[in-house]
Amino acid sequence: MINEKQKIGVIAGTPVDTQMGVDFILAKGHEAIGVPTASCPQEQNLLQFLSPDVLTEKVSNIIKGFQEKGIYRTMLYCNSLSSAINLEKIKTSFPQSRIMTPLDVYKNLASRYKNIILWAANGQCLEGIEKIFYEKNPFIDIMGFSMLPVIKAIEALEPPAQIIDRFNLNHIVAASDKAECLVLGCTHLPYLKENLQKKAGIAIIDPAEEMLEKLLSD
């Protein structure tokens, strides 16, 4: 059962993908407030790789701020952020809040597919998502790749068609004729989904839809 209109806290890596998360929730008819953990992809990348404890503390402080405003549902709208921080510690620290990440969705996807293409922002995130898929389905075949320069281009709001052409993304998506779907393992990537889907011969999965459903259900 989905609750009536809710106010949701959104945490992501940069102001751009945080706003993408806020816009996604607003489009679904709910209120949202967003707070990023970094000012740009480079800063976020360094925090994830070199200072995960600092990043975990940042996320904790943001959730604490949400609770002070009466917001008890938080969406971590960032795959790489979710992979880098100590999620268990955060969820234990805030038992009153429901905290949802894309990683929660992948546990369900793993049982639905046998062969996927997985696209992440960086190698750390790719490894974290792959681990979830393999733990839930040891026999799944994954062709994974990460391309941070694409994320930077999205941050700069370059036109989707231009990004797809510049990085030859249609060929990458079509690289496996056995894949059942392309999983967007970065919340920036839905920016390209409509354009990619025009030429992709497989389903493109954005975990945000199921993530919001789980966050709002009782």
Side-chain angles (χ1 to χ4, degrees), residues 10-14 16-18 20-21 24 37-38 41 44-52 55-56 59 74-91 99-152 154-155 167 169 172-176 178-193 196-197 200 202-215:
V10 178
I11 304 174
T14 72
V16 172
D17 61 339
T18 301
M20 287 177 175
F24 169 75
T37 57
Q44 179 65 11
N45 220 38
L46 288 174
L47 282 169
Q48 288 172 10
F49 281 103
L50 302 180
S51 305
L55 196 54
T56 298
V59 171
T74 296
M75 179 184 287
L76 292 186
Y77 194 75
C78 181
N79 289 262
S80 53
L81 171 63
S82 302
S83 298
I85 61 176
N86 188 335
L87 265 175
E88 183 177 353
K89 177 182 178 181
I90 288 174
K91 289 185 176 183
I99 301 166
M100 198 63 56
T101 82
L103 308 186
D104 296 304
V105 174
Y106 300 135
K107 296 173 184 177
N108 294 332
L109 287 179
S111 63
R112 300 179 200 166
Y113 298 99
K114 296 179 181 178
N115 192 313
I116 68 170
I117 301 173
L118 174 59
W119 184 1
N122 59 41
Q124 182 187 51
C125 180
L126 181 62
E127 179 185 17
I129 299 173
E130 281 187 330
K131 183 178 179 182
I132 292 171
F133 273 100
Y134 284 126
E135 284 177 345
K136 294 297 178 180
N137 183 358
F139 303 104
I140 194 170
D141 287 325
I142 299 174
M143 186 176 75
F145 66 98
S146 62
M147 297 180 72
L148 189 60
V150 171
I151 307 307
K152 292 179 180 178
I154 294 171
E155 282 274 323
F167 293 97
L169 296 177
I172 293 174
V173 170
S176 175
K178 296 181 180 179
E180 299 167 83
C181 65
L182 165 64
V183 177
L184 301 180
C186 175
T187 45
H188 282 81
L189 296 176
Y191 181 78
L192 306 175
K193 182 181 177 181
L196 283 173
Q197 191 69 79
I202 56 176
I204 299 178
I205 296 177
D206 174 7
E209 295 281 350
E210 189 170 335
M211 185 165 45
L212 182 60
E213 184 178 345
K214 284 177 171 290
L215 185 65

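Basis for what follows: all heavy atoms, side chains included, without hydrogens, waters or symmetry-related copies. Residue indices begin at 1 and follow the sequence shown.
- Residues L192 and V150 form a side-chain contact, since some pair of their non-hydrogen atoms from C-beta on lies under 4.5 Å apart.
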Enumerate, atom names and distances included, each donor-acceptor pair closer than 3.5 Å involving a side-chain atom of residues 181-188, sequence neighbours excluded.
unit_1, atom_1, unit_2, atom_2, d
T187, OG1, Y77, O, 2.8
H188, NE2, E155, OE2, 2.7

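- With sequence neighbours left out, Y106 forms a ring pair (Phe, Tyr, Trp, His ring centres under 6.0 Å) with F133.
- Within the model, atoms OG of S82 and CE of M75 stand 10.5 Å from one another, a figure rounded to the nearest 0.5 Å.
- In summary, the side chains of Q44 and T37 do present a donor paired with an acceptor at a separation below 3.5 Å, with no hydrogens or angles considered.
- Between the side chain of N137 and the backbone N or O of Y113, at least one donor-acceptor pair lies under 3.5 Å.
- In this structure, I140 and A110 approach most closely via the heavy-atom pair CD1-O, 4.3 Å.
- Distance CD1/I11 to OG1/T18: 8.5 Å, rounded to 0.5 Å.
- Side-chain contact between S51 and L46 is absent, with no heavy atoms from C-beta onward closer than 4.5 Å.
- Look at E209 and K193 and you find no salt bridge, because none of the NZ, NE, NH1 or NH2 atoms lies under 4.0 Å from a carboxylate O.
- The closest side-chain heavy-atom distance from N108 to E210 is below 4.5 Å.
- Distance check, rounded to the nearest 0.5 Å: CG of D104 to CD1 of I99 gives 10.0 Å.
- Counting non-hydrogen atoms of neighbouring residues, nucleotides and ligands closer than 6.0 angstrom, the NZ atom of K114 reaches no more than 12 such neighbours.
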(Q) Run the side-chain contact (heavy atoms from CB on, under 4.5 Å) test on I205 and I116 for me, step by step, so that the C-alpha distance in whole Å, both residues' side-chain angles and the decisive distance to 0.1 Å come before the verdict. (A) CA-CA 10 Å; I205 296 177; I116 68 170; over 6 Å; no

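- To the nearest 0.5 Å, the span separating CD on Q124 from CG on N45 amounts to 8.0 Å.
- Annotation: side chain of I151 is in contact with side chain of L148 (closest heavy-atom distance under 4.5 Å).
- Rounding to the nearest 0.5 angstrom, the gap separating the CD1 atom in I117 from the CE atom in M143 is 4.0 Å.
- The side-chain heavy atoms of S146 and C125, taken from C-beta on, include no pair separated by under 4.5 Å.
- M211 and L76 get closest at one heavy-atom pair: SD-O, 4.2 Å.
- Remark: side-chain polar atoms of T56 are paired, donor with acceptor, to backbone N or O of N86 under 3.5 angstrom.
- I202 and Q197 make their closest contact through O-NE2, 3.1 Å (heavy atoms, listed as atom of the first residue, atom of the second, distance).
- Looking at L126 and F145, their side chains never come closer than 4.5 Å, going by heavy atoms from C-beta outward.
- Note: I132 CD1 to E130 CD = 11.0 Å, rounded to the nearest 0.5 Å.
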